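Working notes, structure below.
All values reported here derive from a predicted model rather than from experimental measurement. Letters A, B, ... are given to chains in the order of the sequence lines, protein chains preceding strands, and every chain is numbered from 1.
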Amino acid sequence: MHKAPADTVPEGLDARLVVERGAFRLDVALSVAPGEVVALLGPNGAGKTTALRALAGLSQLTEGHLRLDGTALERTPPESRPVGVVFQDYLLFPHLTALDNVAFGPRCQGASKAEARAQAAEWLDRLGLTDHAGAKPRKLSGGQAQRVALARALATSPRLLLLDEPLAALDARTRLEVRAQLRRHLAEFEAVAVLVTHDPLDAMVLADRLVVVEDGRVVQEGTPSDIARHPRTDYIAQLVGLNLYRGEANGHTVRLDTGPAITTTETLSGPAFVAFPPSAVTLYRDRPTGASARNLWRCEVAGLETHGDQIRADLTGELPLAADLTTVAAAELGLHPGAEIWAAVKAAQTHAYPV
Amino acid sequence: MTRPTDRSGAAADTLRGGPRRRRVRTGGGGRGAPLPLLVPALIGVAFLVVPLIALLVRAPWRSLPTLLTSAEVWQALQLSLVCATAATAVSLVIGVPLAWLLARVEFPGRGLVRALVTLPLVLPPVVGGVALLMALGRNGIVGRSLDSWFGITLPFTTAGVVVAEAFVAMPFLVISVEGTLRAADPRFEEAAATLGASRFTAFRRVTLPLIAPGIAAGAVLAWARALGEFGATITFAGNFPGRTQTMPLAVYLALQSDPEAAIALSLVLLAVSVAVLAGLRDRWMTAG
């Protein structure tokens, strides 16, 4: 949840990050309360990693500000910022054992070798890695390496923890397990945590609040459930698996800017979004008689993709949309790219909300 | 209007872990080399190998033990080893930071500095020796001050041998280490910085261990080059037995008076070279 805006509480992160690189401009405002986990979610090239690097001090800000617990950090070099980073590919020092990787930070902060190792051992223990303390990074599994990287970042007692695609380097099976663990560790972390991901599931599981970044700017911000229910851009709608349209609402009808109208159950007026999941679409080979569904469009199959045990049909025509159906249904309908098809959606399955 | 664009492809790719591509092999294996290439290639091999075989064939194997245990040979060998090692040490102390500077810090004229630093690689060593005399000789632009302020004279001393060898050999180390640094992921240094390490600490505790194989390879190359140094050494340090007469100088001198001794000395240098090559191969294999 969005706990408190930073202007009332001096604690936490308050930043406006502007980084210009050639034609690309990142301009993102972020305020995060201590204990809150915020995910920067966006497609590749949106500027998420640039934002993370700017927070860590690895990239210079062109403009803007960066305050952490009330202290201005924009001119502070990375080694003097109270910031810990878990890098996408972890960047564990290959010549050091897991223990010495974790001890590296405390050692740089002035702890003696013995103290640093004792602290590192404690962190490894907390993350369930005691058995691997003596292992070199290349001997660790992906999940273990990820936890060592987390321990290494946490061992410096950062006030801001940054995670760059923390689960991207893991295979699907490990990912599930590590995601759950990481969620637990992030929940225990008392300072500000910001993670960057292009995976909506990671973002929704790990973060209290999502900040969706597209093309260098914030396009939507809110709790995971809020964003899942009310996507405001194509990108987000695709992420959460919805068909999303924008038009002008008038009562139970939203007339899309391109022509067709969608009947909804909500009563609205003015500019509105309409969204419905691909599973709400029913396909017919011939125009259905009776026409119980008023939302009926003539479409052409543009493509078919296996999607688990489902088939997702990409349809063009009157209303471009994605539809999910079983392989059996697809066979019965004789779906193939170029096939003409009727698509119907019940009003009750749509969801309309104001722009 | 907003429309759900091609989501299905991306979603399915994530599920399957990306599209698989089959590797297609191109080019034929096992076909013979055409004669216009094969003949010169074989001549090339012979050209490089026959002289070494000749050295072995003509070696005075019977008198070898006596020749190699003579005081002069022993003295020259010892001096060579000490000077080459000292020159390598000097190269390491100033060459590794130089390589780091060239690889990691952007500064105006970096390309020019790199070119100047590697010039001794292609410069005739005799020219290097003359240049060193002009710089560090008793009347050289730096040597004059060294002499009058500290009473240090380098030319025609054992230290002068080290200077001449380091001048010729250091570029090998710098090139090798810079290449390794460029190949090493600079993000490890960034990771160290986020953990509170200053740039120097990051270099010492992260970069240096990571590039150790490259440094070792460069040091061996530099050492081998220093051991064989002739032109710059004889020009800058002269040819005084026991003080500046290294193995290559001794070989050259012996060839005029006692060819058998020259062959024997050459064999020693050949053995050292083969050992270096073997060592390097090993290093490269473990590093790769």
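For the side chain to side chain donor-acceptor pair (under 3.5 Å) criterion with A:Asp100, the lone passing option out of A:Arg117, A:Lys113, A:Arg152 is A:Arg117.
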### Task
Please test A:Asp202 against A:Arg179 for salt bridge (Lys or Arg N to Asp or Glu O under 4.0 Å), starting from the C-alpha separation and ending with a verdict.
CA-CA 7 Å; A:Asp202 290 350; A:Arg179 191 192 284 130; 2.7 Å; yes
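Heavy-atom minimum distance, A:Glu214 versus A:Thr233: OE2-OG1, 2.7 Å. Considering every non-hydrogen atom in both B:Ala166 and B:Val90, the closest pair reads CB-CG1, 4.2 Å.
With chain B as the partner, the residue from A:Leu162, A:Leu58, A:Thr156 showing the most heavy-atom pairs under 4.5 Å is A:Leu58.
Contact annotation for A:Leu92: only backbone heavy atoms (N, CA, C, O) come within less than 4.5 Å of a heavy atom of chain B. Neither the backbone nor the side chain of A:Asp171 has a heavy atom closer than 4.5 Å to any heavy atom of chain B. The contact between A:Arg53 and chain B is made entirely by side chain atoms (from C-beta outward), counting heavy-atom distances below 4.5 Å. In this structure, no portion of A:Ser80 lies under 4.5 Å from any heavy atom of chain B. Neither the backbone nor the side chain of B:Ala202 comes within contact range of chain A; no heavy atoms are under 4.5 Å apart.
With respect to the salt-bridge test (charged N to carboxylate O, under 4.0 angstrom), the residues A:Asp89 and B:Arg187 qualify.
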